[in-house]
**Q** 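Let me give you the structure first, and then I'll get to my questions.
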Amino acid sequence: SQQGEEDPQALSIQEGENATMNCSYKTSINNLQWYRQNSGRGLVHLILIRSNEREKHSGRLRVTLDTSKKSSSLLITASRAADTASYFCATDAGGSNYKLTFGKGTLLTVNP
Amino acid sequence: EAGVAQSPRYKIIEKRQSVAFWCNPISGHATLYWYQQILGQGPKLLIQFQNNGVVDDSQLPKDRFSAERLKGVDSTLKIQPAKLEDSAVYLCASSSTGSPLHFGNGTRLTVT
């Protein structure tokens, strides 16, 4: 079953613009992670935010987490054509097994 | 470090045939995952190994899918017999305990 739901399903922007993707989830989490998937490739980890954190930055990436609303957002600033990919949020519910449940993803297209 | 290796890269079979996928995780990673990713969707966990023991196979269709992890290193996933709805990308991932997942590039299976 899918835990996270990304919004929007698809996003098309111009190079240099910012891109914002949202993720909502249903149950309590230990942490939330964002992954990128280029066409025909595997997923690559971008950033992890723990349940007791509200905001995290990594280069041009900014992630926020609102546990009261069970939602997270990923902001990519000054986008580049190379950022074109699918972006997935994944939740770790904690417990004895380290298991991630992925959402359906947002397809981001950055036009040069 | 070398990444997660998967083979074959592509496979086309007819329904009711059998197929096997192979995965070599990152050296030292105790946890290995097999995910199924249907076109346009996020990855869905099929089975999770901790060393050579299964810790979660709740979403594995056990009447046709099987997996093993020999000596806690390499893993194989088998489908027998295949159905049309098994057409998907099969992703292998590995991790150290509690750390982000590292994915291979997957095997794209087409069942005709």
Side-chain angles (χ1 to χ4, degrees), chain A residues 1-10 21-26 29-51 56 58 61 63 72 74 85-109, chain B residues 1-11 21 23-26 29-51 53-60 88-110:
Chain A
S1 60
Q2 308 276 176
Q3 159 78 306
E5 289 286 339
E6 287 89 343
D7 171 59
Q9 287 189 324
M21 289 159 269
N22 304 296
C23 169
S24 59
Y25 56 92
K26 298 173 184 173
I29 60 170
N30 187 42
N31 66 68
L32 184 144
Q33 303 177 31
W34 285 90
Y35 287 76
R36 183 188 74 223
Q37 185 178 34
N38 290 88
S39 181
R41 306 298 293 266
L43 284 75
V44 174
H45 178 258
L46 295 176
I47 194 165
L48 180 154
I49 186 165
R50 302 189 189 285
S51 59
K56 204 159 182 182
S58 176
L61 305 181
V63 169
S72 173
L74 170 67
S86 291
Y87 292 81
F88 296 90
C89 67
T91 52
D92 168 27
S96 57
N97 297 338
Y98 178 59
K99 175 176 124 176
L100 294 186
T101 305
F102 286 83
K104 293 182 179 179
T106 292
L107 176 59
L108 172 66
T109 302
Chain B
E1 62 181 7
V4 175
Q6 288 189 248
S7 68
R9 192 80 173 87
Y10 305 93
K11 191 73 177 179
F21 313 126
C23 173
N24 181 237
I26 290 174
H29 280 189
T31 312
L32 185 146
Y33 310 80
W34 283 102
Y35 282 87
Q36 180 193 57
Q37 186 176 26
I38 292 173
L39 186 65
Q41 297 186 20
K44 182 184 90 170
L45 180 67
L46 292 176
I47 190 167
Q48 177 184 353
F49 292 93
Q50 181 75 17
N51 295 309
V54 175
V55 296
D56 188 337
D57 63 356
S58 57
Q59 298 194 85
L60 187 74
V89 175
Y90 291 84
L91 294 163
C92 179
S94 68
S95 74
S96 298
T97 304
S99 68
L101 274 57
H102 295 257
F103 283 83
N105 285 326
T107 296
R108 180 176 298 276
L109 174 67
T110 302

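Quick note on labels: first sequence line is chain A, next is B, and so on, each numbered from 1.
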**Q** Would you name the heavy atoms of B:S94 and B:I26 that are closest together and state the gap between them?
**A**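 Closest approach of B:S94 to B:I26: OG-N, 3.4 Å.
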
**Q** If every non-hydrogen atom of A:S72 is compared with every non-hydrogen atom of A:V63, which pair is closest and at what distance?
**A**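 It is OG-CG1, 3.8 Å.
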
**Q** Of the backbone (N, CA, C, O) and the side chain (C-beta and beyond), which part of B:Q6 lies under 4.5 Å from a heavy atom of chain A, both, or neither?
**A**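 Neither part; nothing is under 4.5 Å.
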
**Q** Quick check on B:S99 against chain A: is it the side chain, the backbone, both or neither that has a heavy atom closer than 4.5 Å?
**A**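 Just the backbone, heavy atoms under 4.5 Å.
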
**Q** Report the residues that fulfil salt bridge (charged side-chain N to carboxylate O under 4.0 Å, His left out) with A:D92, sequence neighbours left out, ordered by chain and then residue number.
**A**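 Residues passing salt bridge (charged side-chain N to carboxylate O under 4.0 Å, His left out) with A:D92: none at all.
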
**Q** Suppose we screen for side-chain contact (heavy atoms from CB on, under 4.5 Å). Which residues come up paired with B:D57, at least two apart in sequence or across chains?
**A**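 For B:D57, the residues satisfying side-chain contact (heavy atoms from CB on, under 4.5 Å) (neighbours in sequence not counted) are B:I47, B:V54, B:L60, B:K62.
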
**Q** Flag the one option from B:R9, B:Q37, B:Q50, B:R108 with the top tally of heavy-atom pairs under 4.5 Å to chain A.
**A** B:Q37

**Q** Going by atom types only, do A:R41 and B:N105 share a side-chain donor-acceptor pair under 3.5 Å?
**A** yes

**Q** Answer with side chain, backbone, both or neither: which region of A:Q37 has an atom nearer than 4.5 Å to a non-hydrogen atom of chain B?
**A**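 Contact with chain B is through the side chain of A:Q37 alone.
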
**Q** What part of B:L101 gets within 4.5 angstrom of chain A, counting heavy atoms only: side chain, backbone, both, or neither?
**A** both

**Q** Who among A:Q33, A:H45, A:Q9 has the most heavy-atom pairs with chain B under 4.5 Å?
**A**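 Sorted descending by pairs with chain B, the first entry is A:H45.
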
